[in-house]
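Worksheet: one structure, shown below.
Chain identifiers are assigned alphabetically (A, B, ...) following the order of the sequence lines, protein sequences preceding nucleic acid strands; residue numbering begins at 1 within each chain.
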Amino acid sequence: MGGSRRIPVEEIRHIAELAHIELTKEEEIVFTEQFNRILEYFSMIDEADTENVPLTYHVLDLVNVYREDEVHESMKRDEPLRNASKKEGRFFKSPRIV
Amino acid sequence: MKGMEGDVKIGLEVHVQMTSLKTKLFCGCSSDYRGKEPNTLVCPVCLGLPGSLPVLNKKAVEYAVMAALALNCEISDRMLFFRKNYFYPDLPKNFQITQYDRAGGVPLARNGYLYLDFEGRRRKIRISRIHLEEDPGRLVHLGSIDRSPYTLVDYNRSGVALLEIVTKPDIRSPREARIFLQKLRSILEHLGIFDGGLEGAMRCDANISIAGGTRVEVKNISSFKEVERALSFEITRQRGLLEKGIMVKRETRHWDEARRVTVSLRTKETEQDYRYFPELDLVPVELKEEFIEKVKAEMPELPDKRVERFISQYGLPRYDASVLVSSKALADFFEEAVRLYNKPKEISNWMMSDLLRYLYENNLELHESKITPAKLVEMIKLIDEGVISGKIAKRILPKIIVTGKSPSEIVREEGMVKISDLEFLENLITRIFAENPKAVNDALINEKAAHYLVGQLMKATEGKADPVLSSQLIMKRLEKLRRERGIK
């Protein structure tokens with residue numbers, strides 16, 4: 001309870017890294033400020049009494065939407081790679097990972 | 001054996017493809033991706049194109065429930081899917097659809113176990129959870145993984161249905177880990193949801209620690225043959241460090257199958273931060289009592305039951321029955337052979353001894369060999385009909401396994417027919433007696449010493465002499481000598 005916890009600039013850097021975004025020193029400060037304002041706003045929700053309210057996982061009132069295990073045609077041969085900016089033969093090409 | 005000292009704790013995280021499914025987990029693309037041209041079994045869903053919507057494969061849920069029941073798990077009455085976020089091109093969405101057991105998430109099943117009969121003891125291995133998730137695509141590197149200038153990606157495998165089965169750290173040795181995976185494989189094969197003979201259909205990661213050390217995760221173990229090697233290496237490595245008083249670092253290591261070593265993966269602290277959140281493109285799944293009962297009713301015979309049946313129906317010893325049922329292919333082979341020739345004991349003996357030993361020594365699986373139940377039966381019939389001796393059969397069996405030729409063909413080609421020509425054998429015995437006067441004298445006094453002479457006869461005929469007849473002829477000759485020499 002209570003929205004008093006402020007997130008420090010280190011956490012903003014961590015989130016930026018997870019999102020693969022590079023931030024300048026100035027942007028880090030701006031984002032820290034903005035993140036904390038957003039969280040403060042959300043902290044209003046904490047004031048609601050949710051003691052006996054089940055967790056909302058999905059807003060639709062649907063369960064068990066299935067398909068049968070039947071093969072459907074995949075994309076036409078050249079379609080998958082058509083919009084790929086980088087490819088080699090039949091492969092998508094991506095930067096080296098490790 | 002090293003690593004059996006009882007201070008080792010191993011937990012496995014096993015990924016199993018439900019290979020009997022025709023389609024992927026969330027789209028209708030064929031899951032039969034092996035040997036297919038790259039990126040031909042893909043659609044907007046498994047390519048993660050914007051606006052596409054995953055829909056759950058019903059059969060996958062049925063199979064998963066079946067597996068959970070077979071592993072004695074509690075099945076959740078309601079389960080959810082989550083997004084596991086990470087930057088890695090093997091999944092084109094930048095997240096994997098999986099299940100999560102925190103933040104309100106519920107996996108398919110929890111708290112199961114299975115029993116292993118291992119080194120004469122019954123061991124209980126607990127299962128913490130089972131969940132459904134999608135397989136990532138296949139990455140291809142030119143040259144070694146750390147030298148390749150870029151990565152090539154094939155999404156044919158992306159979205160194939162996986163079961164993730166996680167054990168508690170109840171496993172005590174690399175050998176036991178292998179037995180566990182074998183049993184798991186046998187159970188899943190008996191359920192008809194999995195073919196372990198397909199490459200990459202069962203993969204696992206292992207958590208391993210030694211008392212006084214730290215938990216280390218080993219990734220990229222590609223089969224149950226590899227698990228024993230990878231874990232043995234890792235135990236030796238950790239023991240070596242501890243003996244030198246060096247701390248074992250808590251880390252993730254990669255099993256390098258080619259070099260047979262584990263190597264440290266350079267990890268950033270942030271790597272484990274997957275920011276799980278609910279997959280809102282999928283609705284919750286309710287697993288109702290009647291659905292679970294229906295699946296239960298359709299479950300085929302499981303390995304433990306089959307072992308009992310093999311004991312009662314065929315009169316096999318428990319050990320033999322459990323070895324045969326350790327693999328569905330082996331058990332099916334046995335029953336097919338018995339159907340062709342009702343001699344379960346003989347068939348089991350040949351399978352347990354020579355067949356399995358050959359497969360084990362050559363690191364082969366039954367389906368990789370060319371022997372069939374019909375060929376094994378034909379060989380046993382040749383023995384029973386007196387055409388070949390058991391000794392010759394032992395030499396023929398590996399040839400059947402390797403070439404797939406019929407036993408009678410091999411016998412004919414190699415002139416292996418058992419020698420029961422009386423005159424030929426009598427002449428040979430005369431010669432052997434002449435060459436071994438001391439052995440003959442021994443045998444005259446002590447009947448047991450006659451075995452040596454029988455052995456010489458077998459040696460002289462390269463095992464082709466009829467063993468029963470040869471032994472009778474030698475005994476007769478000895479008896480005759482005793483009479484001549486007046487020995488009682």
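- At a threshold of 4.5 Å between non-hydrogen side-chain atoms, the residues Tyr63(B) and Asp69(A) do not count as touching.
- Interatomic distance, OG of Ser94(A) versus CG of Leu139(B), reported as 7.0 Å (0.5 Å rounding).
- Met75(A) is listed as a side-chain neighbour of Leu49(B), based on a closest heavy-atom distance under 4.5 Å.
- Among the candidates Leu62(A), Leu60(A), Val59(A), the residue making the largest number of heavy-atom pairs closer than 4.5 Å to chain B is Leu62(A).
- In this structure, Tyr66(A) and Val285(B) have side chains that are in contact, with non-hydrogen atoms separated by less than 4.5 Å.
- Counted within 6.0 Å of NZ on Lys22(B), heavy atoms from surrounding residues, nucleotides or ligands total 12 or fewer; the atom is thus considered open.
- In this structure, the portion of Cys27(B) lying under 4.5 Å from any heavy atom of chain A is its backbone and not its side chain.
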Fill in: Derivation of the side chain to side chain contact (heavy atoms under 4.5 Å, CB included) call for Val140(B) and Phe91(A)
CA-CA 9 Å; Val140(B) 180; Phe91(A) 290 97; 3.7 Å; yes
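- Enclosure of atom CZ in Arg260(B) is not indicated, since only 12 or fewer non-hydrogen atoms of other residues, nucleotides or ligands lie within 6.0 angstrom.
- For the pair Arg67(A) (side chain) and Lys58(B) (backbone), a donor-acceptor distance under 3.5 Å is absent.
- With a 4.5 Å cut-off on side-chain heavy atoms, Asp154(B) and Arg90(A) do not count as touching.
- Chain A forms more heavy-atom pairs under 4.5 Å with one residue of Leu47(B), Asn94(B), Asn85(B), Val283(B) than with any other, namely Val283(B).
- No more than 12 heavy-atom neighbours from other residues, nucleotides or ligands sit within 6.0 angstrom of NZ on Lys86(A).
- In Glu199(B), the CD atom is not crowded: 12 or fewer heavy atoms of neighbouring residues, nucleotides or ligands sit closer than 6.0 Å.
- Both the backbone and the side chain of Pro44(B) come within contact range of chain A, with heavy atoms under 4.5 Å apart.
- Ranked by non-hydrogen atom pairs under 4.5 Å with chain A, the options Pro38(B), Ala60(B), Cys43(B) are led by Pro38(B).
- Looking at heavy atoms from C-beta onward, Ser74(A) lies out of side-chain contact with Val42(B) at the 4.5 angstrom threshold.
- For Leu282(B), the part lying near chain A is the backbone, with the side chain staying farther off; criterion is any non-hydrogen pair under 4.5 Å.
- Asn64(A) places a side-chain N or O within donor-acceptor distance of the main-chain N or O of Glu286(B), the cut-off being under 3.5 Å.
- Here CG of Leu81(A) is found 10.0 Å from OG1 of Thr40(B). Values are rounded to the nearest 0.5 Å.
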Task: Pair Leu18(A)-Tyr274(B), side chain to side chain contact (heavy atoms under 4.5 Å, CB included): steps then yes or no - done: CA-CA 9 Å; Leu18(A) 287 174; Tyr274(B) 293 123; over 6 Å; no
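- Only the backbone of Phe26(B) comes within less than 4.5 Å of a heavy atom in chain A; its side chain stays farther off.
- Interface residue Leu21(B): backbone and side-chain heavy atoms are both found under 4.5 Å from chain A.
- Between Arg78(B) and Val63(A) the shortest side-chain heavy-atom distance falls below 4.5 Å.
- Nearest heavy atoms, Pro80(A) versus Asn39(B): CG-O, 3.6 Å.
- Asn57(B) contributes atom CG, which lies 10.0 Å from atom CD of Glu70(A) (distance to the nearest 0.5 angstrom).
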